[in-house]
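Since the structure comes first, as structure tokens, the remarks are kept for the end.
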2 protein chains.
Amino acid sequence: MEIKSKLWIEVNGEPVFGRGRRFLLHAIDTYGSINQAAKEINISYRKAWSYIKAMEERLGIKLVKRQAGGRNGGGAVLTEDAREFLKKYEQMEEGIRETVDEKFKKIFY
Amino acid sequence: MEIKSKLWIEVNGEPVFGRGRRFLLHAIDTYGSINQAAKEINISYRKAWSYIKAMEERLGIKLVKRQAGGRNGGGAVLTEDAREFLKKYEQMEEGIRETVDEKFKKIFY
DNA sequence: ATTCCGTTATGACTTTTATGCATAACGCAT
DNA sequence: ATGCGTTATGCATAAAAGTCATAACGGAAT
């Protein structure tokens, strides 16, 4: 038996950001490619792409600058806005899970 | 833009308890009927029933004593185990949402 | 006994959501 | 021109969630 917690941000009742999307943006930042990033975090490119599309639409912010074609086939990089958002979210998340786990152990064991 | 958080318990990777189920058990305790409880928390009887079934199977604990037929058509009451579990979960949940909301405001505003 | 009532119990269907597949378009480098 | 690995999407399929209809129950009133 284990405790799980989830944290996400909504806009107009629609989810726009959570742990999965955080991993995705992070991986894009690392690998410079949506495709590569998706593989790395074990989701399909299709899904990654849908995530990004939805995030950008709902947030009204451009998060990923993409280029199809060109040297190495193209790629993707995070915008400054994305980096800022990511940073805030990570701060947000930090400590929450630990708090939850602690509480769980204290009560259920 | 708003923050959302969710807390739930899993057994073997399967969810067994969360806020919705907490409301359900609580309502059953109050109304003495799954049917009535479901209406009260705005879910279908079918869903409520599925919840209970899954919880009991996965937890391996009898949570709701039911009777079909009889005076007033029957009804349902929580077992002692259910009450205990509910109590622990509520302790668990207490304070978490507040912590999250606070953190969110501090960072995003 | 028979009927009535509100309940539990489930199967079957429908709708929605998520996932996966196939394919087009891109543009630099060779 | 051709090749390469990428982004970009429509479309089909699968899975999950939700809805609907109906059976069975058993005490109480008739």
Does the side chain of B:Ser50 come under 3.5 Å of the side chain of B:Arg46 through a donor N or O and an acceptor N or O? yes
Looking at [Y] and [X], is any side-chain nitrogen of the basic one under 4.0 Å from a carboxylate oxygen of the acidic one?
X	Y	answer
A:Lys62	A:Glu56	no
B:Lys106	B:Glu102	no
B:Glu90	B:Arg83	no

Extract, from 5' to 3' on DNA chain D, the first and final nucleotides lying under 4.0 angstrom from some heavy atom of chain A.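 From 5' to 3', the first and last contacting nucleotides are D:dG5 to D:dC11.
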Remember a base hit wins even if backbone is also touched, and classify B:Lys47 as base, sugar-phosphate or nothing at under 4.0 Å, heavy atoms. sugar-phosphate
Which comes earlier along DNA chain D counting from the 5' end, the contact point of A:Gly69 or that of B:Gly69, where each point is its nearest nucleotide? A:Gly69
If you only use heavy atoms from C-beta on, which nucleotide in C:dT7, C:dA12, C:dC28 is closest to the side chain of B:Arg46?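 When the side chain of B:Arg46 is considered, C:dA12 is the closest of C:dT7, C:dA12, C:dC28.
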Taking the side chain as every heavy atom from C-beta outward, state whether B:Leu25 and B:Arg21 have any pair of such atoms under 4.5 Å apart.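 No; the side chains remain at least 4.5 Å from each other.
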What is the distance, to the nearest angstrom, from the CD atom on A:Glu14 to the P atom on C:dT16?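 Rounded to whole Å, this separation is 15 Å.
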For the aromatic rings, using the six-membered ring if either is Trp, is the centroid distance between B:Phe85 and A:Phe108 under 6.0 Å?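 Between B:Phe85 and A:Phe108, the centre distance is under 6.0 Å.
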Nearest nucleotide by nearest heavy atom, which residue falls closer to the 5' end of DNA chain C, B:Gly73 or B:Lys53?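 Closest to the 5' end, via its nearest nucleotide, is B:Gly73.
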Do any side-chain nitrogens or oxygens of B:Asn35 fall under 4.0 Å of OP1 or OP2 in C:dG6? no
